[in-house]
Amino acid sequence: MIYRNQKLLRLAREAPHCMRCLRSNDGTIVAAHSNQLRDGKGRGLKASDYRIAFLDMKCHAEIDQGSRMSREERVTAWEDAHRETIGWLFESGHLAVA
């Protein structure tokens with residue numbers, strides 16, 4: 001089952017910086033979904049909304065369509081940014097366990 005949550009996706013606007021390159025939030029940061037099959041990505045189907053990384057426009061394009069990194073490097077870059085995103089969501093108080 002694919003999980004959707006627009007409130008979670010909109011939190012990208014509040015991120016202080018891109019979770020990959022650390023560039024300050026200039027208004028281009030979005031919730032970039034995983035492109036991995038194991039996360040539910042499929043033809044015409046995005047992964048669940050909890051498999052996101054807050055990336056700016058440049059990093060999002062590099063990871064999704066870039067040719068400067070191998071597939072493995074793009075997966076690693078996204079995974080690292082995902083971990084940073086989840087950490088920030090908890091540390092900033094946007095996510096909490098009740």
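Each residue takes its place number in the sequence, starting with 1. Just so it is clear, the structure is predicted and the values come from calculations on it, not from any experiment. We use all heavy atoms of the structure for the numbers below, so side chains are in, but hydrogens, waters and symmetry mates are not.
- The closest side-chain heavy-atom distance from Arg71 to Val75 is below 4.5 Å.
- Rounding to the nearest 0.5 angstrom, the gap separating the SG atom in Cys21 from the NZ atom in Lys58 is 7.5 Å.
- The backbone N or O of Tyr3 sits less than 3.5 Å from a side-chain atom of Ser48, completing a donor-acceptor pair.
- Annotation for Cys59 and Arg20: closest pair SG-NH1, 3.5 Å, computed over non-hydrogen atoms.
- To the nearest 0.5 angstrom, Asn25 atom CG is 11.0 Å from Arg13 atom CZ.
- To the nearest 0.5 Å, atoms CG (Asp56) and NE2 (His17) are separated by 10.5 Å.
- For the pair Asn35/Arg74, no side-chain contact is recorded, criterion being any heavy-atom separation below 4.5 Å from C-beta on.
- Closest of all the heavy-atom pairs between Ala32 and Trp78 is O-NE1, 3.1 Å.
- Shown here for Trp88 and His94, the closest heavy-atom pair between the two residues is CH2-CD2, 3.6 Å.
- The SG atom of Cys18 sits 11.5 Å away from atom CE of Met57, with the distance rounded to the nearest 0.5 Å.
- Between Ile86 and Tyr50 the shortest side-chain heavy-atom distance does not fall below 4.5 Å.
- Between Ala31 and Leu9, the shortest heavy-atom contact is CB-CD2, 3.7 Å.
- Placement of Ile29 and Leu8 within a single hydrophobic cluster is found when ILVMFWY residues are connected by side-chain heavy-atom separations under 4.5 Å, directly or transitively.
- Residue Ser34 comes nearest to Ala47 through the heavy atom pair O-CB, 3.7 Å, listed as atom of the first residue, atom of the second, then distance.
- For the pair Phe54 and Leu89, the minimum side-chain heavy-atom distance is below 4.5 Å.
- Remark: Met69 CE to Ile63 CD1 distance equals 5.5 Å, nearest 0.5 Å.
- Annotation: the span from Glu79 atom CD to Arg51 atom CZ amounts to 4.5 Å, rounded to 0.5 Å.
- Of all non-hydrogen atoms in Asp26 and Thr28, the two that sit nearest each other are OD1-OG1, 2.7 Å.
- Side-chain heavy atoms closer than 4.5 Å link hydrophobic residues (I, L, V, M, F, W, Y) into clusters, and following such links, possibly through other members, connects Met19 to Ile52.
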